[in-house]
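Reviewing the structure listed below.
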Amino acid sequence: MNPRTVRESVAGPAGRIECAVDRTAAAPRGLALVCHPHPQFGGTLDNKVVQTAARAFLQLGWASVRFNFRGVGGSEGTWAEGAGEVEDAMAVLLSWRARPEFSALPYCLAGFSFGAFVAAEVAHRMADGAKPRRIVLIGPSTEKQSVPAVPADTVVIQGESDDVVPLAATLDWARPQNLPVIVFPGVGHFFHGQLALLKSVIVRELHDLDAV
């Protein structure tokens, strides 16, 4: 994906967690954690939508960390009904943010499908003063998971013809929050043939990411 992508593992609540770190050519402006789709349905850190989100952050000058939930790829442990997977994401985020190169930098959270639920849940659990700069949710799992409310500047992207997460479910979740949803007309859950557009929309929506 990127000649500066490095794979390593960090300690997690169920054992080692495999990570892929996509580094910028220059000093990073921030760190983005990108969460993959449901681990019981083939989701991995190499998912194309997840990689596309990571590329968008790289274009903005932000390093990104993708990781495999417990029991996926090189990550230890077994499926833990979602609660354990949120703990995995928390562990990865805290581990990388503790490193000197990232400790003073802002961070973002992003996720696709089940991973979007995890990203939103991690943001919800972070204490005031330690919240993410921005959140990007792609095809969030609003029908099968209880996705918490998110900040008003959260980027939510959904395919009109999503056959995994109905658009209506995401609109029902977003409506009480007065939260805009960017809809890709005629596009399914996996954004087939639209990954370049997905990347450009993420970059466009985060154009002011470095603004304080």
key: Electrostatic pair Arg134-Asp210, nearest N-O below 4.0 angstrom   = no
query = If we ignore angles and hydrogens, is there a donor and acceptor under 3.5 Å between the side chains of Ser141 and Ser113?
reply = no
task = Please examine the side chains of Leu167 and Asp162, heavy atoms only from C-beta on, and report whether any two atoms are closer than 4.5 Å.
result = no
task = Kindly indicate whether the side chain of Tyr107, heavy atoms from C-beta on, has any atom under 4.5 Å from the side chain of Leu93.
result = yes
query = Thinking salt bridges, do Arg70 and Glu81 make one under a 4.0 Å N-O criterion?
reply = no
key: Donor-acceptor pair between Ser9 and Glu18 side chains, under 3.5 angstrom   = no
request  = Decide side chain to side chain contact (heavy atoms under 4.5 Å, CB included) for Lys199 and Leu195; before the verdict, give the C-alpha distance in whole Å, the side-chain angles of both, and the deciding distance to 0.1 Å.
outcome  = CA-CA 6 Å; Lys199 178 186 172 186; Leu195 293 175; over 6 Å; no
message = Would you say that Pro39 contacts Trp79 through its side chain, given a criterion of any heavy-atom pair below 4.5 Å between the two side chains?
response = yes
ask   = How far apart are the C-alpha atoms of Arg23 and Glu101, what are their side-chain angles, what is the distance that settles it, and do they pass the side chain to side chain contact (heavy atoms under 4.5 Å, CB included) test?
value = CA-CA 11 Å; Arg23 297 183 180 277; Glu101 62 186 310; 2.6 Å; yes
key: Trace of the side chain to side chain contact (heavy atoms under 4.5 Å, CB included) decision for Phe69 with Val118   = CA-CA 11 Å; Phe69 290 117; Val118 172; 3.8 Å; yes
query = Taking side chain as C-beta onward, heavy atoms only, is Thr5 less than 4.5 Å from Arg66?
reply = yes
query = Is the shortest distance from a Lys or Arg side-chain nitrogen in Asp22 or Arg4 to a carboxylate oxygen in the other one below 4.0 Å?
reply = no
